Amino acid sequence: MNDITKAAIEITGLGMAGIFLFMVIFYFVIKVIDKFFPAKPVSE
Amino acid sequence: MNFEQLFPVLYLITWQHLMMIAVGLVLIYLAIAKEYEPTLLLPIGFGAILVNIPLTSALTQIDPETGKALEGALSIFYEAGIATEIFPLLIFIAIGAMIDFTPLFKNPFLLLFGAAAQFGIFFTIIAATMMGFDLKEAASIGIIGAADGPTSIFVSSRFAPELLGPISVAAYSYMALVPIIQPPVIRMLTSKKERCIHMDAHPKVASRAALIIFPILVTIVAGIVAPSSLALIGFLMFGNLIRECGVLNKLSQSAQNELASLVTILLGITIASTMTADKFVNWQTLMIIGLGLIAFIFDTFGGVMFAKALNFFLPANKKINPMVGACGISAFPMSARVIHNMGQKEDPTNYLLMHAVSANVGGQIGSVVAGGLILALIPLFA
């Protein structure tokens with residue numbers, strides 16, 4: 001395995017971890033927004 | 001004056017030029033007859049013809065008598081719109097104005113599939129380095145797996161502008177082929193029982209304030225965590241804010257229609273300016289087309305396997321249909337529709353559309369985040 005492929009594997013680890021981190025943060029962003037600005041219940 | 005001086009093109013044209021003209025014709029055929037991403041593939045196809053006729057004035061040529069450059073329109077568009085990254089960023093505003101984030105508020109947990117289904121990008125980066133591409137080229141090829149044309153163009157125009165043509169063609173072609181690529185991969189990875197899993201409905205809606213605050217907060221958070229991703233995420237969220245604010249309906253409509261149409265025409269035909277025979281007719285192009293397919297297959301693999309892994313930890317009544325994981329790619333709403341139809345075929349009482357759309361919207365965010373992260377990470381290693 002050459003050095004470039006080793007770097008690519010490292011980038012894969014960091015990249016996937018980074019995307020999940022972002023998504024987890026966005027998940028909490030949505031939860032917080034939803035808590036403070038909940039949707040009004042739709043009347044029947 | 002002899003025949004050669006009268007018709008120099010006939011003496012300069014090579015089989016490579018003819019091959020590229022044939023490629024252009026095939027792309028136009030696919031766009032019109034098969035309706036494969038016609039808004040992009042038709043301009044790219046026509047542009048490929050335009051730039052592969054020798055001495056074309058659409059590209060900058062050197063005047064043999066004076067030695068001066070005679071500027072070509074497509075070369076000017078390339079320098080002004082692609083090299084500066086302005087065209088893809090304008091498209092992001094248009095896409096942002098088209099996205100409705102409401103499905104994410106129904107079930108934000110499905111955002112995670114927008115992360116898992118980016119696996120194909122990174123798997124392909126590794127594969128490309130094994131095939132001899134350097135890290136910047138490999139990253140540009142891997143980003144085909146974002147299933148998001150503008151992100152692919154944005155990243156490859158920065159890291160490997162010489163590969164922009166084949167990367168764009170691969171990205172848009174495979175996006176159009178999602179209904180053909182995803183189902184066999186999903187069937188191979190899942191059992192019938194898994195494909196029949198029903199998921200609870202979330203009838204919730206989001207408030208207007210929430211939808212306005214979301215793009216602003218996402219931009220700020222993305223800026224704090226990874227400032228290099230801000231151009232991508234920021235323009236997308238700006239377009240979305242125009243849509244959701246409720247006071248710029250005219251601008252929102254313009255962004256979704258006129259801006260999207262104008263920039264798409266320019267983007268398509270300008271990308272074609274990179275598809276000259278000398279740059280396109282080589283083994284590298286074939287490898288890129290093959291790697292693009294691998295990227296889409298492993299995106300689907302990542303999303304499905306992540307759902308299957310989650311199901312180990314979820315109670316029986318909360319299990320996720322693993323097919324929904326495959327919707328974590330950015331091809332919206334095609335992927336969601338494909339999964340919903342697959343679910344209906346397995347069990348006509350199973351309505352997966354709402355969950356699939358949520359995961360698919362997550363994929364739209366995930367692909368842009370992936371692009372931003374690649375822009376940040378590659379310079380650290382290259």
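Just so we're clear, the structure is a prediction, and the values are computed from it rather than from any experiment. In the text below, chain A, chain B and the rest are named by the order of the sequence lines, each starting its count at 1.
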What are the residues of [range], in order of number, with any heavy atom under 4.5 angstrom from a heavy atom of chain A?
range: residues 216-224 of chain B; value: B:Leu217, B:Val218, B:Val221, B:Ala222
range: residues 125-138 of chain B; value: B:Ile125, B:Ile126, B:Thr129, B:Met130, B:Phe133, B:Asp134, B:Leu135
range: residues 294-301 of chain B; value: none
range: residues 325-332 of chain B; value: none

Validation row: [X], [Y] side chains within 4.5 angstrom (heavy atoms):
X: B:Val369; Y: A:Phe26; result: yes
X: B:Leu111; Y: A:Val24; result: no
X: B:Phe214; Y: A:Ile30; result: yes

Self-check item: Atom pair CE/CZ of A:Met23 and B:Phe109 - distance to nearest 0.5 Å
Solution: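 Reported value, rounded in 0.5 Å steps: 13.0 Å.
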
Quiz item: Got a second to check how far B:Phe105's CZ is from A:Lys31's NZ, nearest 0.5 Å?
Solution: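 If we round to the nearest 0.5 Å, B:Phe105:CZ and A:Lys31:NZ are 11.0 Å apart.
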
Practice problem: Kindly state whether the ring of A:Phe20 and the ring of B:Phe306 have centres lying under 6.0 angstrom apart. | Solution: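 Yes; B:Phe306 has its ring centre under 6.0 Å from that of A:Phe20.
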
Quiz prompt | B:Leu104 portion near chain A, given a 4.5 angstrom heavy-atom threshold | solution =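 B:Leu104 touches chain A through backbone and side-chain heavy atoms alike.
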
Self-check item: Contacting moiety of B:Ala139, where chain A heavy atoms sit under 4.5 Å
Solution: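 For B:Ala139, there is no contact with chain A at all, as no heavy atom is under 4.5 Å.
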
Exercise. Let me know which of B:Leu112, B:Ile365, B:Leu373 forms a side chain to side chain contact (heavy atoms under 4.5 Å, CB included) with A:Ile19.
Key: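 Testing A:Ile19 for a side chain to side chain contact (heavy atoms under 4.5 Å, CB included) against B:Leu112, B:Ile365, B:Leu373 leaves exactly one candidate, B:Leu373.
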
